[in-house]
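What you see is a predicted model, and the numbers here were worked out from it, not measured in a lab. For the numbers below, each heavy atom of this structure counts, side chains included, while hydrogens, waters and symmetry mates do not. Below, chain A is the first sequence line, B the second, and so on; all start at residue 1.
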Amino acid sequence: MIDLKALREDPDRFREGARLKGIPADIDRLLALDERRRSLLAEQESLRAEQKKIEKEIGPALGRLMGRLKGAQGEERAALQTEAEGLRAKPAALKEKIQALDAALAQVEPELEALALEVPLPPDPDVPVGESAAQNVEIRRWSPEGFDPAEPFEAQRGFAPLAHTELMRAHAMVDFERGVKLAGSRSYALTGDGMRLHQAVLRYALDFITDRHGFSPTGVPVLVREEAMVGTGFFPAGRDQAYRVAETDRGGGQDLWLTGTGEVGLMGLHQDEILDEADLPMRLATVSTCFRREAGAAGKDTAGLYRIHQFDKVEQVVICRADEAESRRWHRAMIGIVEELLRSLDLPHRLVQCCTGDLGPKNADMVDVECWMPSRGEAGPSGAPRGDWGETHSASRLYDFQCRRLNMRYRGESTGGKTVFCHSLNNTVAASPRLLIPIVEMHQTKDGAILVPEPLRPYMGGRERIG
RNA sequence: GGUGGGGUGGCGGAGUGGUUGAACGCGCCGGUCUUGAAAACCGGUAGGCCCCUCCAGGGCCUCGCGGGUUCGAAUCCCGCCCCCACCGCCA
């Protein structure tokens, strides 16, 4: 959620932000509703103030009248009753007016709230302007000794690479057919060493972020209330992407939603809390199963383990003070963690600064990390794919957008007794099985085996290779 | 699935129609004392919205949410949501 005060002060900033992101937002309507709401509120408040004043005057008088009324007879009684009614009439008239304003507000507020939730956080000025991922800007890349993504795989390794689908099938690491039978398209079953490697990656990543970088390992619900989805900024825009568990259909109080990332659970954990500044920054990591409908992606990346409905992910989240410099430092640090992890796995990767058009509603800045996947990309001269970068990580900087929605604040020395919305950031640590794609493809051998990267071996019973 | 209990300030926990936005305790902040700290004692300490350029100041809302009764509601009535406990079933 954006700050409505900030919107009032500088609507153009938000108009421009929405435009740059390519996200429709009716700022004019929102401003008009906000104006209307505030004027109704002001009117109602002054009526209320008057009402309270009158009540204080009338209360005791009425009490005395009622006392006299008890012992009164005949004409005196009638006169007293008239007087009492007269006293009551005044606040009653006010009450009617106040209720009318209530009704007017009830017409304005739902639309205002809905619109406010749709206004995206403007991208930061240093985010390159662009319409889509095509205009993203590479920041830097890294490759292990002896491999350069710019050169053909075959020329460097002496053999044509197999795609992860072929490799993993060959070693009985995955069963796509039965996965689809069980759960439909974009489903799969990990088998044997595929499941072991998957778990090895996840466990390695969790240990990595926890032991080496001090994040707190945390387990969170993946089935959450709608407010957590709205609070983290995934709703309303991403409603189509989430699986709904329709408990209301069977008489339940409310529906639940399957989360598409551990970020929802980690961030939702502290919603509606006022944190002590001394407890910040909070660094949390979770490993969770993620569910995505992939609506609108029909026909895209249909083969293999790239785009699937269910996967597991180690996610990192930082909740820090509302300080841009600090936020930016954490963003760099969280990206650095991923770079370190990918280097340890000998995976060629690059950092990509996402352009404005590739940002979601909730981030001011986003850096993707892409790993080199030999099986992706268009076919080269030999008929085999040339390889391409594939997104494996995404690091977002959100300012207080999420925490405002989640009502997550802090207080402490630097806030002068006031409460302030926290800043939040998130980044992938490792998402598998997608990350298995570069792992198996980059570590395949001429004879069709897969070398297990050294850091994963302890999690694979010491195994050095598959096949 | 059954039965019962309950949602109050940063936390715990009183409060069943009238200066109660809310006792008391904890926590936190300030002060006294102390070489320093602790303890003790004294004082302060809810959140939000609106008006106001700022400051200062003022107004309004909020005791789960929404409606109702009443001159007046945390307190009474109706509806909804949520949480907890026990029993049954079960991973």
Side-chain angles (χ1 to χ4, degrees), chain A residues 1-10 31 33-70 80-110 112-113 116 219 221-228 230-231 247-248 250-257 268-280 282 289 400 403-422:
Chain A
M1 175 101 87
I2 57 151
D3 181 1
L4 282 182
K5 267 186 221 149
L7 177 77
R8 256 177 251 144
E9 279 164 24
D10 188 2
L31 285 169
L33 289 171
D34 176 56
E35 180 60 44
R36 169 107 177 111
R37 189 183 81 96
R38 280 182 302 132
S39 85
L40 288 171
L41 224 48
E43 196 182 338
Q44 192 183 45
E45 278 177 17
S46 71
L47 288 176
R48 278 222 171 95
E50 197 184 333
Q51 186 189 36
K52 282 177 103 165
K53 221 168 91 189
I54 291 172
E55 272 163 12
K56 282 213 178 99
E57 292 163 9
I58 285 180
L62 205 60
R64 284 193 298 274
L65 264 179
M66 295 317 272
R68 280 162 63 196
L69 200 57
K70 266 185 199 159
L80 285 173
Q81 262 170 349
T82 310
E83 197 180 335
E85 271 161 40
L87 279 176
R88 282 184 185 141
K90 229 175 156 182
L94 281 173
K95 189 177 178 179
E96 248 174 64
K97 280 190 199 167
I98 289 168
Q99 282 182 330
L101 287 168
D102 254 336
L105 279 166
Q107 276 198 315
V108 169
E109 279 174 341
L112 184 140
E113 276 158 31
V222 297
L223 189 59
V224 303
R225 297 201 178 126
E226 179 163 342
E227 59 183 353
V230 174
E247 283 297 292
T248 48
R250 43 167 74 159
Q254 56 180 246
D255 290 340
L256 294 168
W257 299 82
L269 227 43
H270 296 283
Q271 74 189 106
D272 291 319
E273 291 184 23
I274 299 176
L275 303 167
D276 189 336
E277 185 175 2
D279 294 332
L280 301 180
M282 297 188 75
T289 302
D400 62 3
C403 294
R404 195 175 281 281
R405 289 174 170 239
L406 287 165
N407 192 28
M408 192 189 299
R409 295 163 292 170
Y410 71 99
R411 177 162 44 197
E413 239 170 82
S414 75
T415 70
K418 292 226 185 296
T419 60
V420 178
F421 290 108
C422 310

Q: What pairs with A:Arg8 under side chain to side chain donor-acceptor pair (under 3.5 Å), at least two apart in sequence or on another chain?
A: A:Asp34

Q: Hey, does the side chain of A:Arg38 come within less than 4.0 Å of B:C51's phosphate (OP1/OP2), counting only N and O?
A: yes

Q: Between P on B:C71 and CD1 on A:Ile98, what's the gap in Å once rounded to a whole number?
A: 15 Å

Q: Please measure how far the C1' atom in B:G58 lies from the corresponding atom in B:C76, and state the result in whole Å.
A: 34 Å

Q: When all nucleic acid strands are considered with a 4.0 Å heavy-atom cut-off, which category describes A:Arg8: base, sugar-phosphate, or nothing?
A: sugar-phosphate

Q: Between A:Arg409 and B:G48, is there a contact of a side-chain N or O with OP1 or OP2 at under 4.0 Å?
A: yes

Q: Between A:Thr248 and A:Gln254, what is the shortest heavy-atom contact and its length?
A: CG2-CA, 3.7 Å

Q: Determine, step by step, whether A:Arg37 and A:Leu105 satisfy the side-chain contact (heavy atoms from CB on, under 4.5 Å) criterion, reporting the C-alpha distance in whole Å, the side-chain angles of both residues, the deciding distance to 0.1 Å, and the verdict.
A: CA-CA 6 Å; A:Arg37 189 183 81 96; A:Leu105 279 166; 3.7 Å; yes

Q: Mind calculating the distance between CD (A:Glu9) and C1' (B:C51) to the nearest angstrom?
A: 15 Å

Q: Could you give the distance separating B:G18 and B:G1 at their C1' atoms, to the nearest angstrom?
A: 45 Å

Q: Nearest whole Å is fine: how far is B:G10 P from A:Asp279 CG?
A: 16 Å

Q: Select from A:Asp34 and A:Arg411 the residue whose nearest nucleotide in RNA chain B is closer to the 5' end of that strand.
A: A:Arg411

Q: Expressed in whole Å, how much space separates the P atoms belonging to B:A38 and B:C33?
A: 15 Å

Q: For A:Glu273 and B:G27, what is the distance between atoms CD and P respectively, to the nearest whole Å?
A: 20 Å

Q: How far does the C1' atom of B:C61 sit from the matching atom of B:G66, given to the nearest Å?
A: 15 Å

Q: Residues two or more places apart in sequence or in another chain: which of them pass side chain to side chain donor-acceptor pair (under 3.5 Å) with A:Glu226?
A: A:Arg239

Q: Look through every strand shown and name the nucleotide pairing with B:G79 as Watson-Crick or G-U wobble, where both distances are under 3.5 Å.
A: B:C65

Q: What distance do A:Glu109 atom CD and A:Leu40 atom CG have between them, rounded to the nearest 0.5 Å?
A: 9.0 Å

Q: Check nucleotides 58-62 of chain B against the protein and report each pair of N or O atoms closer than 3.5 Å, with its distance, or say if there are none.
A:
from, atom 1, to, atom 2, distance (Å)
B:G59, N2, A:Glu45, OE1, 3.0
B:G59, N2, A:Glu45, OE2, 3.3
B:C61, OP2, A:Lys52, NZ, 3.0

Q: Sort out the partner of B:G10 for me: Watson-Crick or G-U wobble, both distances under 3.5 Å, none otherwise.
A: B:C26

Q: Can you tell me the base-pairing partner of B:G21? Count Watson-Crick or G-U wobble geometry only, both distances below 3.5 Å, and say none if there is no partner.
A: none

Q: Could you tell me whether the side chain of A:Asp400 and the main chain of A:Cys422 form a donor-acceptor pair under 3.5 Å?
A: no

Q: Could you tell me the separation between the CZ atom of A:Arg409 and the OG1 atom of A:Thr419, rounded to the nearest 0.5 Å?
A: 4.5 Å

Q: Considering only the C1' atoms, how many Å lie between B:U19 and B:C81, rounded to the nearest integer?
A: 33 Å

Q: Rounded to whole Å, please give me the gap between CG in A:Leu41 and C1' in B:C51.
A: 11 Å

Q: Applying a 3.5 Å limit to both distances, which nucleotide forms a Watson-Crick or G-U wobble pair with B:G1?
A: B:C87

Q: In whole angstrom, give the distance that lies between atom CZ of A:Phe421 and atom P of B:G47.
A: 13 Å

Q: Taking atom P in both B:G48 and B:A91, what distance in whole Å separates the two?
A: 48 Å

Q: Whom does B:A74 pair with, Watson-Crick or G-U wobble, provided both distances fall under 3.5 Å?
A: none

Q: Between A:Tyr410 (OH) and B:G47 (P), how many Å, whole number?
A: 15 Å

Q: Can you tell me, in whole Å, how much space there is between the P of B:U75 and that of B:U62?
A: 11 Å

Q: Which value, in whole Å, describes the distance between the C1' atoms of nucleotides B:U20 and B:G15?
A: 9 Å

Q: Using Watson-Crick or G-U wobble geometry with both distances under 3.5 Å, which nucleotide pairs with B:C41?
A: B:G31

Q: Going by heavy atoms in the side chains, are A:Met408 and A:Asp272 under 4.5 Å from each other?
A: no

Q: Toward the 5' end of RNA chain B, which comes first, A:Leu4 or A:Ile274, by nearest nucleotide?
A: A:Ile274

Q: Without decimals, in angstroms, what is the distance between A:Glu109 CD and B:G66 P?
A: 10 Å

Q: Quick one: CG on A:Asp102 to NZ on A:Lys97, what's the gap to the nearest 0.5 Å?
A: 15.0 Å

